[in-house]
Structures are given as structure tokens and as C-alpha cells.
Amino acid sequence: MTLKWLAVVVATVSMTLWATGNVVTLVVNGGQLPLLVNLLVLTSAGTAVVLAVVAELHERLNDRISALTEFLVARLNEIENHTGDRNTGFVEGYLLSHGQEAAVVPFGRRGRGAAER
């Protein structure tokens, strides 16, 4: 059982026990449960509700991040396929036009100013 549903069950059981205890005490003794018991039950139910909400928000955030990741992977694969084909054809054409002994040499380092010349 996930954390969210466990927290919902705890909150439901706590509130049910609180209401049942107060009704039984009212009918039998004409009063209510001690304040400490009421506060303990209401605090546990409130904490469980907050925990359930946080767990739901975490689950939604995780789903959105997963969807975004899948979209980015698909988009990057599409860009790689498109770019890879063009660059492969360029390099193969260069090598074929200059023979097998031709080497592909990278461009020189950028950023050199007039002072270094």
C-alpha cells in the first residue's frame, strides 16, 4: 500500500474512533473523552491528512518529471538522428574526394586576438 493511501486509512480510522469514542462516552456517562485523547486523535488525523496531500503532490511531480524526461530524450534522439546524418555525409564526402590518406583536422582554437598574431 502506498504512503498516500496508508495515510488516508490512518486518518479515516482515527476520525472514526474519535467520533465513536465521543458518542459512546456521551451516551454512557453524559460527557466526552478526556481532552488529551481528543487532541491526540485529532493531531494524528491531521498529520495523516497532511502526509497524504504531500504524498499526492510528490507523485504528481514525479509523473511530470518523468514525462518531461521522456519528451527530452525523444527530442534529443530526433535532433541526433537529423544532425548525425548530415555530418556523416559531409565527412564521408570529404574523405572520398581527398582519398583514403586524407585526415580530418579540427579548426584552430578560437578567441585569438590581434595581440597574439
Out of curiosity, I65 CD1 to L72 CG, how far, rounded to the nearest 0.5 Å? 11.5 Å

Could you check if a side-chain atom of T12 sits within less than 4.5 angstrom of a side-chain atom of V8, using non-hydrogen atoms only? yes

Taking only residues two or more places apart in sequence or in another chain, which ones pass side-chain hydrogen bond (donor to acceptor under 3.5 Å, both in side chains) with R64? none

Is there a side chain to side chain contact (heavy atoms under 4.5 Å, CB included) between L40 and S44? Walk through the geometry before answering. CA-CA 6 Å; L40 180 67; S44 65; 5.7 Å; no

Determine the minimum heavy-atom distance between A45 and M15, stating which atoms define it. CB-SD, 3.6 Å

What distance separates T69 OG1 from N62 CG, expressed to the nearest 0.5 Å? 9.0 Å

Give every residue pair that meets the side chain to side chain donor-acceptor pair (under 3.5 Å) criterion with at least one member in residues 26-43, sequence neighbours excluded. W18-N38, N22-N38

Which atoms form the tightest heavy-atom contact between A48 and V10, and what is the distance? CB-CG1, 4.0 Å

Heavy-atom closest contact (S14 atom, V41 atom, distance): O-CG1, 3.1 Å

Are the side chain of N77 and the backbone of V73 linked by a donor-acceptor contact shorter than 3.5 Å? yes

Would you say that T2 contacts L6 through its side chain, given a criterion of any heavy-atom pair below 4.5 Å between the two side chains? no

First locate atom CD of E59, then atom CG of L3, and finally report the distance between them rounded to the nearest 0.5 Å. 10.5 Å

